Amino acid sequence: MSANLLAVFYLISGILFILALRGLSSPETSRQGNLFGIIGMAIAIGVTFLSVGNFSTGFLYVLGFLVIGGSIGAFIAYKIPMTAMPELVAGFHSLVGLAAVFVAISAFLNPEVFNLGLPGNIKISSLIEMSLGVAIGAITFTGSIIAFLKLRGIMSGSPITFTGQNYLNLSLGLILFGLIFYLCKTQIDTWFWTIIVISFLVGVLLIIPIGGADMPVVISMLNSYSGWAAAGIGFTLENTALIITGALVGSSGAILSYIMCKGMNRSFFNVILGGFGGTDQSQSKTDKEQKPVKSGNADDAAFLMKNASSVIIVPGYGMAVAQAQHALREMVDALKKNGVKVTYAIHPVAGRMPGHMNVLLAEANVPYDEVFELEEINNDFANCDVVYVIGANDVTNPVAKTDPQSPIYGMPILDVEKSKSILFVKRSLSPGYAGIDNDLFYKDNTLMLFADAKKMTEDIIKSL
Amino acid sequence: MEIDPFIFRLSIFILSMFIGYYVVWSVTPSLHTPLMSVTNAISSVIIVGAIIAALAGSSENIFDNANIFGFLAIILAAVNIFGGFLVTQRMLAMYKKKKKDK
């Protein structure tokens, strides 16, 4: 196959990938979009096989490895519970990162295969692209592993900080650029390996100071990095499909990070520098025990909701932890039978990754046209009888509007406080991730339901 | 004067970033999780580099040290491609509209 024809086919798969993302603009077109993505991938792999044109034993091995990897991937995709989606995505990001590192290593060891020159005499431009690709890939790999461990709960979600952390990261970053410069100048492979090792280290250091609830930003950021790594390798290999995809994925991740930061009213750097929501919650703890709290049981909650005409459900990470989405939908079905109008309100940063709550509700068969984003539904709280807050906290805290001293001041919140009555399902009065007390707990029209989210919801179903 | 092919690739790259920017902004927020999993799957098109690397060189010595990295990358990328597209498919199949008969 001629190089020109090959390039045209790579362009076609690039376009199909664009259409795959385009399909996600609505759930109806999304399935077709995914199909476009699959076709694009099949074309890219197929023409690569044809271009190599060497159907020897090596080819059989390639097919074999493809099948092994593919079966592992398919197995994971079918087995994974929807609540584990954030970890899965983080894990997949780490694989893209490592794959980029491996491809860059083989290009470095065997440059003549990719027309990049000879070992020890690689084209400078290719060397720059390669080392950028390998560095970003390595950062994505270890960064995603840390994110995975934190999301999975193997590693504590609380931020790990130490003095001089930011200076250390900054100097490591500068060292990386220095190494890339020396690699290009000398072509000595020691520098290449050092770049990889230091990038691995940077990946770890970048993610450890970031706390659990900032994970939506981290996952989006790593998504973006995996794209830039792919683009870097795409430039090295002079492959259009890879360049297009890298740019698409890179900007996609960057936009998601931006949306997540905006959802918390924090700058990207504020999140990345980390340490937010650490352990200094001492001052808020002292005065809070005295305030009176009304607590209720499942019967009270069932009574309130049954007699309401409209109920808004506000799910949060607690719902995912308790796996309460199915019970929640059953409760809503029971309410609907009683003629109650029920809708769902989702905050942009609810959960541990962008769109996390939507997937869980979809899994529980909640129709997507009953689920609303913050801007769409925020005015409805004033006309709503009961709000059922299940596993959310900071995203409802009115202090974000009233107290300029508060760490979450300015964050857009769901106007839960405007509703006639509020039901809060929570295990205890402990403050949320941001470490601040929620005034809603002490309001006259708030009823606290102290229990596990799933168990409480099931009890409410019984009393309905 | 001749234009370096790099400039063409750079143009493709920059224009694709613009396309990405507009396309991703039009993605509905409720599909942000499938967006992440599908971008994950498509970025594994890096497998084309892995295949070329794995098939490089002579057929007598398949697991040469440059090739071995290619093979490793193939496994990783294949996990991602199949895992990413299938899990996206599984998620998207769950998004349903309200039934009319209710």
Side-chain angles (χ1 to χ4, degrees), chain A residues 17-18 21-22 24-25 27 30-31 34 37-38 44 48 52 54 56-58 62 65-66 69-70 72-74 76-77 89 92 95-96 98-100 102-103 105-106 109-110 113 223 226-227 230 233 237 241-245 247-249 251-252 255 354-355 358-359 362-363 367-369 373, chain B residues 6 9 12-13 16-17 19-21 23-24 26-40 42-46 48-51 53-56 59 62 66 69-89 91-92 94-98:
Chain A
F17 292 153
I18 295 172
L21 300 194
R22 183 77 188 88
L24 291 171
S25 57
S30 62
R31 285 172 274 260
N34 199 41
I38 294 171
T48 309
V52 177
N54 166 16
S56 59
T57 32
V62 169
F65 281 83
L66 201 64
I72 298 172
I76 297 172
V89 169
F92 278 168
L95 297 183
V96 178
L98 193 59
F102 284 159
V103 174
I105 292 177
S106 45
L109 294 177
N110 213 350
V113 183
N223 185 234
S226 69
I233 304 296
L237 308 186
L242 210 41
I243 295 176
I244 295 178
T245 317
L248 287 178
V249 178
S251 42
S252 160
I255 291 172
N358 303 78
V359 170
E363 188 201 10
Y368 63 81
D369 39 9
E373 304 299 318
Chain B
F6 172 78
R9 286 191 283 277
I12 293 173
F13 180 64
S16 305
M17 285 199 320
I19 294 173
Y21 180 86
V23 169
V24 172
S26 75
V27 171
T28 163
S30 66
L31 291 177
H32 275 162
T33 299
L35 171 67
M36 302 204 93
S37 60
V38 84
T39 49
N40 219 318
I42 63 172
S43 54
S44 304
V45 72
I46 202 159
V48 301
I51 293 172
L55 290 178
S59 47
I62 295 159
F69 286 107
F71 280 111
L72 289 174
I74 288 178
I75 297 189
L76 297 177
V79 171
N80 249 318
I81 291 171
F82 283 78
F85 280 124
L86 289 173
V87 89
T88 311
Q89 189 107 313
M91 273 192 274
L92 293 176
M94 297 184 315
Y95 283 81
K96 288 183 204 93
K97 252 195 160 143
K98 209 180 324 194

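The structure displayed is predicted, hence computed values, not measured ones. Chain letters run A, B, ... following the sequence lines, proteins first and then strands; every chain starts at 1.
Interatomic distance, OG of S16(B) versus CD1 of I244(A), reported as 4.5 Å (0.5 Å rounding). A distance of 5.5 Å separates CG of N80(B) from CZ of F92(A), quoted to the nearest 0.5 Å. One distance of note links CD of Q89(B) with OG of S30(A); it measures 9.5 Å at 0.5 Å rounding.
Comparing I76(A), I72(A), L242(A), V89(A) by heavy-atom pairs within less than 4.5 Å of chain B, the highest count is held by L242(A). Heavy-atom pairs under 4.5 Å with chain B were tallied for P27(A), A74(A), S252(A); the largest tally goes to S252(A). The candidate from N34(A), V359(A), I18(A), L98(A) with the greatest count of non-hydrogen atom pairs under 4.5 Å with chain B is N34(A). The candidate with the highest count of non-hydrogen atom pairs below 4.5 Å against chain A, out of V38(B), I51(B), I12(B), I46(B), is I46(B). The residue among F13(B), Y21(B), F82(B) with the most heavy atom pairs within less than 4.5 Å of chain A is F13(B). Per-residue counts of heavy-atom pairs under 4.5 Å with chain A were compared for A73(B), S30(B), A77(B), G20(B); the largest is that of S30(B). When each of G37(A), G70(A), A230(A) is checked for heavy-atom pairs under 4.5 Å with chain B, G70(A) comes out on top. Between chain A and the residues L31(B), L72(B), I81(B), the largest count of heavy-atom pairs under 4.5 Å involves L31(B). The residue among V23(B), V24(B), V27(B), I42(B) with the most heavy atom pairs within less than 4.5 Å of chain A is I42(B).
Shown here for G49(B) and L237(A), the closest heavy-atom pair between the two residues is CA-CD1, 3.3 Å. The two atoms that bring G355(A) and T33(B) nearest to each other are C-OG1, 3.0 Å, heavy atoms only. Annotation for Y368(A) and Y95(B): closest pair CD2-C, 3.8 Å, computed over non-hydrogen atoms. Shown here for V45(B) and A44(A), the closest heavy-atom pair between the two residues is CG2-CB, 3.8 Å. Summarising the geometry of M94(B) relative to E363(A), their closest heavy-atom pair is SD-CA, 3.4 Å, with the distance given to 0.1 Å. Shown here for N358(A) and P29(B), the closest heavy-atom pair between the two residues is OD1-O, 4.4 Å.
Looking only at distances, no side-chain donor or acceptor of T39(B) sits under 3.5 Å from a matching main-chain atom of V249(A). The backbone N or O of T28(B) sits nowhere less than 3.5 Å from a side-chain atom of S25(A) that would complete a donor-acceptor pair. N223(A) places no side-chain N or O within 3.5 Å of a backbone atom of N40(B) that could act as its donor or acceptor partner.
Side-chain contact between L21(A) and S26(B) is absent, with no heavy-atom pair separated by less than 4.5 Å. Between V103(A) and F69(B), the closest side-chain pair of non-hydrogen atoms is not below 4.5 Å.
Among V96(A), T245(A), L95(A), the one residue that satisfies the side-chain contact (heavy atoms from CB on, under 4.5 Å) test with S44(B) is V96(A).
Partners of S37(B) under the side chain to side chain donor-acceptor pair (under 3.5 Å) rule, at least two apart in sequence or in another chain, are T88(B). Not a single side chain to side chain donor-acceptor pair (under 3.5 Å) links S43(B) to another residue, sequence neighbours left out.
With a 4.5 angstrom heavy-atom cutoff, L86(B) touches chain A via backbone and side-chain atoms both. When heavy atoms are compared at a cutoff of 4.5 Å, I38(A) approaches chain B by way of both its backbone and its side chain. Contact annotation for I233(A): only side-chain heavy atoms (C-beta onward) come within less than 4.5 Å of a heavy atom of chain B.
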